[in-house]
Amino acid sequence: MELFYSLNPQQQEAVEHLSGPLLVLAGAGSGKTRVVTCRIVKLLEREIPHWKILGLTFTNKAAQEMQERVKMLTSNKVTLCTFHSLGMRILREAVDVLGYERDFVVYDEEDAAQLLKGCMRDLHIDTKDTRKAAKTLKNLISRAKNNMIMPDDVDVSEFTTSVEHQFPTVYKHYQQRLRQSNALDFDDLLFLTVRLFRENPDVLKHFQKRWEYLLVDEYQDTNAAQYTIVSLLTANSQNLFVVGDPDQSIYSWRGADIHNILNFEKDFPNAKVIRLEQNYRSRCNILNGANALISHNASRYDKNLWSDRGEGEKITIITCSDERQEARTVIDYVCQYQRDKIFSLGDMVIFYRTNFQSRIFEDELLRRQVPYVIVGGISFYQRREVKDILAFLRMVYFSSDYVAFARTINIPKRGIGEKTVEKLQNGAIQANLSILDYISALVKGNAHPTVKISKLQQEGLQQYVAIIRELQACYQQGSLEDLVMAALRHTGYLKYLALDKETEQDRKENVFELAAKAAEWEESVEEPSLQAFLEELTLKSNIDDVDVSRERMNLMTAHNGKGLEFPGVFVVGLEEDLFPHINSRGNMEAIEEERRLCYVGMTRAKERLFLTWCRHRHLWGGSRYMRPSRFIREVPSKYVEVLESEPSWV
DNA sequence: TCCAATGTGCTTTTT
DNA sequence: GCACATTGGA
């Protein structure tokens, strides 16, 4: 088969691997995705039934791409999904064993943050800076769940601050509130799966039998919970095939533990290790420069990534006077390459460390009318107006979803503020009713306990209940698109949007777009349901449906560049305290992660690589002197040409 | 409850 | 320089 024809011996060996644990250490650009896909195809050729194979990825996009490739090659459908959607599937089947309801709603980060804020109010957490405290608590909860620690088992011995001391209480309360909403957060999808497996050997056995061959992509980014899921599922079969590159581990701040990949051989005795060291992507100057950079990390597996793609041009390092000039210089190159037909716009990318850096490049691109796209950033489904409508839809299906209730009850204004919402929630909890049933009883005058509210609020609630009931009726008969349109109509949402003239147009377009997407989605799936629709949207990220049809310059954070490649790459803002970021100062591990991030950026480049830095930069309202990033110094001069950009006069 | 004026403190973000 | 959170008056 042509697919296997051009595999090198190491790739071949990995693809041929039939059973037992295998770690593929796949350097940047070494054909990792192809190896995973080919191995799946190979398993199918060996008459392993497709339903026994499970492939796990970190993004929907990666899962989708592999799914398509496999389907094209074999017309078979193996299960390829993210860890979180795997958790979702498993929990939908069996979470009742843990005392949860099966038709739970999933809270995204924003919903969870909202819930947490409510918890902090409930518990009267008093701090100087609520925002910071909320962030700290959110992180602590996430870390606890990723490390599979229950509220009662939190180790408080290392805690010093008052916020930290309050954490176990908040965590416990937060879990309780999730339950009252019949909701799970992202981390629960993993943690509860682990608990389900650990506490119910029969359930585990069932899933072990179901999937006998496991493949994990980007293994260096797994956290403890994901690691546990994988090792539990493969405990019997031992058929675990993982691919990853420790040098590209850039999500430790999200709980990813690089030791999962570094200790693979220890964790899985008899494990085989295959190294893919030939890079098919980059010119030698680029690859050698990147290799030299990453060799400055002390804690790593040494590897020797090489390329036979020829020397190519040297890495260009440009010193700029400030960020305006940096943007001009970069876009000058972009336009020149495009004009000379060396690269098309879509062949080039700008990588930056932080989102705010994109603005100046956008200005410059707009000024010169160069089409561009920002990959990542705020997702369509996270826009306020879209989430508002989705929250209404959630109330239609999940009548005890407090976060959706709190979000929608005062749209449009019904005189029901924070305090009243709190009272209503407490009333509902005491009455042991869903929030919708409770306020429904309340307006009819037969709620126990009853809550004191004003005449105006009474009317507001009545209206609200009527709207939701109406939408529920609509959901019984019509399509999803109709339901979205009905939500717009019955809630008076368009009128509500018209209150802010500046944003009205964009927001209107977005809500209509949502209706269109609902229609499209309904067409494309076999069994459309409101629940499935909402569920898919919460697990969907912003980079999942990028529009590649149009020819546009790409802008994104270095994090979002992972897994992509471009002929021309600009890594910008390489200054101390920006890249590496100031928050990593003095912390060796953090600096090393920044270095890996820079390495990821550099190794995306096939033909041409530019590294730029500015002597001055406007940061937090003032102009600052910057020093060139240590990462620039760490690229040996033999791979580099250095340019000083003209000083900017304007 | 709501709105406008004032005060603070800055990342990255697969799901 | 900006978003977002808190505060105080209507």
Side-chain angles (χ1 to χ4, degrees), chain A residues 56-64 81-88 106-113 117 120 126-135 138-139 142 145-146 184-190 217-218 220-223 225-226 248-256 351-357 359 375-379 381-382 409-410 413-421 453-454 456-457 460 499 535-544 556-563 573 577-585 590 593-594 596-598 600-601 618-623:
Chain A
L56 293 170
T57 64
F58 282 82
T59 61
N60 293 305
K61 194 177 160 218
Q64 243 167 47
C81 64
T82 64
F83 274 97
H84 290 83
S85 46
L86 175 76
M88 170 101 73
V106 178
Y107 279 179
D108 68 12
E109 291 294 326
E110 194 196 341
D111 298 327
K117 240 166 60 186
M120 290 171 68
D126 56 319
T127 57
K128 297 232 158 48
D129 186 350
T130 329
R131 224 157 79 188
K132 204 168 150 197
K135 210 168 161 185
K138 181 91 212 6
N139 276 334
S142 182
K145 288 187 179 182
N146 287 160
L184 307 185
D185 68 14
F186 283 152
D187 297 321
D188 282 336
L189 293 177
L190 304 176
D217 190 22
E218 307 278 16
Q220 76 281 356
D221 286 329
T222 47
N223 63 33
Q226 288 161 331
Q248 294 185 63
S249 160
I250 54 174
Y251 284 105
S252 72
W253 49 273
R254 286 287 269 130
F351 288 132
Y352 36 81
R353 177 65 180 82
T354 65
N355 278 310
F356 78 83
Q357 290 169 264
R359 185 164 228 148
V375 179
I378 277 278
S379 137
Y381 301 103
Q382 278 162 10
I409 183 63
N410 216 20
K413 297 237 171 340
R414 294 187 178 89
I416 294 165
E418 233 164 57
K419 279 267 140 57
T420 315
V421 169
I453 50 170
S454 71
L456 188 91
Q457 291 175 325
L499 293 176
E535 173 176 306
E536 195 170 308
L537 294 197
T538 32
L539 287 187
K540 192 166 188 146
S541 95
N542 29 18
I543 28 184
D544 288 342
M556 64 188 89
T557 61
H559 280 93
N560 276 330
K562 200 163 77 161
D577 293 347
L578 183 61
F579 200 173
H581 196 271
I582 189 163
N583 292 15
S584 61
R585 191 146 70 175
E593 179 144 320
E594 295 284 308
R596 289 194 291 270
L597 183 58
C598 185
V600 167
H618 291 277
L619 281 175
W620 302 312
S623 178

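Lettering of chains follows the sequences in order, A, B, ..., and the numbering in each one begins at 1. Model, not experiment: these values are computed from the prediction.
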Would you please confirm or rule out a distance under 4.0 Å between OP1 or OP2 of [N] and any side-chain N or O of [X]?
| X | N | value |
| --- | --- | --- |
| A:N355 | B:dT12 | yes |
| A:S584 | B:dT11 | no |
| A:Q357 | B:dT11 | no |
| A:N410 | B:dC2 | yes |
| A:N223 | B:dT14 | no |
| A:N560 | B:dT13 | yes |

How is [X] classified with respect to the nucleic acid when contacts are heavy atoms under 4.0 Å: base, sugar-phosphate, or nothing?
| X | result |
| --- | --- |
| A:K419 | sugar-phosphate |
| A:Q226 | nothing |
| A:D108 | nothing |
| A:E109 | base |

Fill in: Base of B:dT13 and ring of A:Y251 stacked, centres under 5.5 Å, planes under 30°
no
Worksheet entry | Separation of the C1' atoms in B:dT14 and C:dA3, to the nearest angstrom | 25 Å
Worksheet entry | Nearest-nucleotide 5' precedence on DNA chain B, A:H559 against A:T82 | A:H559
Response to the item:
Nearest-nucleotide check on DNA chain B, A:L189 vs A:G415; residue mapping nearer the 5' end is A:G415
Worksheet entry | Base of B:dT12 paired with side chain of A:R353 (donor-acceptor, under 3.5 Å) | yes
Between [options], which nucleotide gets closest to the side-chain atoms of [X]?
| X | options | answer |
| --- | --- | --- |
| A:R131 | C:dC2, B:dT11, C:dA5 | C:dA5 |
| A:T59 | B:dT14, B:dT1, B:dT12 | B:dT14 |
| A:K132 | B:dT13, B:dT1, B:dC10 | B:dC10 |
| A:K413 | B:dC2, B:dT1, B:dT12 | B:dC2 |

Worksheet item: Considering only heavy atoms from C-beta outward, does the side chain of A:F58 approach that of A:Q226 to under 4.5 Å?
Response: yes
Which whole-number value in Å describes the distance from [X] [atom1] to [N] [atom2]?
| X | N | atom1 | atom2 | result |
| --- | --- | --- | --- | --- |
| A:E593 | B:dT14 | CD | C1' | 13 Å |
| A:D577 | B:dG9 | CG | P | 19 Å |
| A:R254 | B:dT13 | CZ | P | 11 Å |
| A:H618 | B:dC10 | NE2 | C1' | 18 Å |
| A:E418 | C:dT7 | CD | C1' | 13 Å |
| A:N139 | B:dT13 | CG | C1' | 11 Å |
| A:N146 | B:dT13 | CG | P | 18 Å |
| A:Q248 | B:dT14 | CD | P | 17 Å |

Worksheet item: Do the rings of A:H84 and A:F186 sit parallel, tilted or perpendicular, given the 30° and 60° boundaries?
Response: perpendicular
Worksheet item: Strictly by modelled atom types, are A:E593 and A:S252 linked by a side-chain donor-acceptor pair under 3.5 Å?
Response: yes
Discussion item. What's the separation between atom CG in A:L537 and atom CD in A:Q382, rounded to the nearest 0.5 Å?
Written reply: 11.0 Å
Fill in: Within 6.0 Å of CD in A:E418, more than 12 heavy atoms from elsewhere
no
Discussion item. Donor-acceptor check, side chain of A:E535 to backbone of A:V106, threshold 3.5 angstrom: yes or no?
Written reply: no
Worksheet item: Would a distance-only check, ignoring hydrogens and angles, find a side-chain to backbone donor-acceptor pair under 3.5 Å from A:D577 to A:H581?
Response: no
